[in-house]
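To keep things clear, I will list the structure first and then write my remarks on it.
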There are 2 protein chains.
Amino acid sequence: MKSTMTTPAGLDHTLTALADPTRRAILQRLSAGEVRVTDLAQPFAMSLNAVSKHVRVLERAQLVTRRRAGREHLLSFNPKPLDEAAAWIETQRALWTTRLDALEALLRAEDRVAAPTRRNKGTRHER
Amino acid sequence: MKSTMTTPAGLDHTLTALADPTRRAILQRLSAGEVRVTDLAQPFAMSLNAVSKHVRVLERAQLVTRRRAGREHLLSFNPKPLDEAAAWIETQRALWTTRLDALEALLRAEDRVAAPTRRNKGTRHER
DNA sequence: ATTTCATTCAACTCTGAGGTTGAACGATAT
DNA sequence: ATATCGTTCAACCTCAGAGTTGAATGAAAT
């Protein structure tokens with residue numbers, strides 16, 4: 001277990017939080033400013049409790065912070081975790097284009113080799 | 001009911017796919033070029049079947065496409081869905097900074113009003 | 001024709017996510 | 001003191017996600 005060492009737990013939480021339309025809507029609403037849980041829940045066709053749970057998921061991802069003011073809880077949006085997510089996506093795109101460039105270079109240089117049916121690529125067990 | 005109209009199904013699939021470390025690792029591996037399912041599965045501490053399922057999730061999100069070559073399936077990375085995800089994130093950040101600017105402007109202009117305990121914000125039922 | 005290889009399909013388990021309702025709790029209002 | 005408001009906690013349901021094992025399928029090699 002654990003294997004690949006690439007285990008950024010923060011990203012997991014961030015992306016999981018973003019992967020739900022209700023939660024994305026919540027964030028959208030929150031980017032306009034602080035909102036109470038009840039007011040937040042109002043537009044949704046689901047119970048207040050359900051929304052409360054979504055908020056907890058967003059808090060786990062640190063995309064939302066809570067400020068208790070008397071009996072009401074004011075929620076606000078914290079965009080910081082989005083940085084990591086955006087960075088990951090950008091990295092992927094960069095890798096992709098890099099690889100494309102390398103491929104293009106290869107095609108330009110090697111133009112004579114033509115192994116017909118048997119292509120041999122990367123980590124192959126080779127029996 | 002339904003209200004917010006913001007229900008982009010593609011984003012759901014994309015972000016759900018990205019929210020798992022195994023799948024992110026798969027994408028990373030794939031951005032270096034086409035890989036067979038078996039080779040893809042090798043580094044992971046899980047069954048081939050499990051990886052196969054992860055691949056299916058990535059295909060649902062159209063982040064991975066499959067090319068059948070004889071008995072082996074060559075998987076490749078398709079970065080297009082990342083655009084929508086990145087765009088959503090950027091929009092959020094933009095909204096956030098916009099709101100901050102507006103707030104700052106407000107603070108600069110209104111400086112005398114001070115409602116003590118009772119703050120009244122947005123959609124309030126007002127009994 | 002038979003075996004082996006690459007992959008999926010099918011069935012099953014376990015866990016957690018998303019939703020519900022009903023109570024509990026702390027703060028405000030009467 | 002009591003009722004009401006804002007919110008969570010607790011228990012429960014259902015369904016999908018992540019994993020397993022054991023076939024089944026289809027192409028390749030013998």
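Computed from a predicted model, the values in this text were never measured in an experiment. Chain letters run A, B, ... following the sequence lines, proteins first, then strands; residues in each count from 1.
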Rounded to the nearest Å, what distance is computed from the [atom1] atom of residue [X] to the [atom2] atom of nucleotide [N]?
X     : N      : atom1 : atom2 : answer
B:R67 : C:dA6  : CZ    : C1'   : 15 Å
B:R68 : D:dA28 : CZ    : P     : 14 Å
A:E72 : D:dG6  : CD    : P     : 8 Å
B:L40 : C:dA6  : CG    : C1'   : 13 Å
A:R36 : C:dT28 : CZ    : P     : 13 Å
B:F44 : D:dT20 : CZ    : C1'   : 18 Å
B:R71 : D:dT30 : CZ    : C1'   : 12 Å
B:D39 : C:dA6  : CG    : P     : 8 Å

(message) Tell me which one of A:T14, A:L58, A:L18, A:V64 satisfies side chain to side chain contact (heavy atoms under 4.5 Å, CB included) with A:P81.
(response) A:T14

(request) Enumerate the residue pairs fulfilling ring pair (Phe, Tyr, Trp, His ring centres under 6.0 Å) with a member in residues 47-76 of chain B, sequence neighbours excluded, ordered by first and then second residue. (result) none

(message) Suppose we screen for side-chain contact (heavy atoms from CB on, under 4.5 Å). Which residues come up paired with A:R93, at least two apart in sequence or across chains?
(response)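 With neighbours one apart ignored, the set is A:I89, A:E90, B:L82, B:D83, B:A86.
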
(request) Any pair with a residue in residues 44-64 of chain A that passes salt bridge (Lys or Arg N to Asp or Glu O under 4.0 Å), sequence neighbours left out, goes on the list, sorted by first then second residue, please. (result)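 Output for this query lists A:E59-A:R66.
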
(request) Assign a letter to each nucleotide of nucleotides 17-23 of chain C from its 5' end: B, base within under 4.0 Å of a protein heavy atom; S, sugar-phosphate only; -, no contact. (result) SBBBBB-

(message) So, using ring pair (Phe, Tyr, Trp, His ring centres under 6.0 Å) as the criterion, who are the partners of A:W88 when residues are at least two apart?
(response) none

(request) Only counting residues at least two apart or in another chain, list the ones meeting salt bridge (charged side-chain N to carboxylate O under 4.0 Å, His left out) with A:E84. (result) none

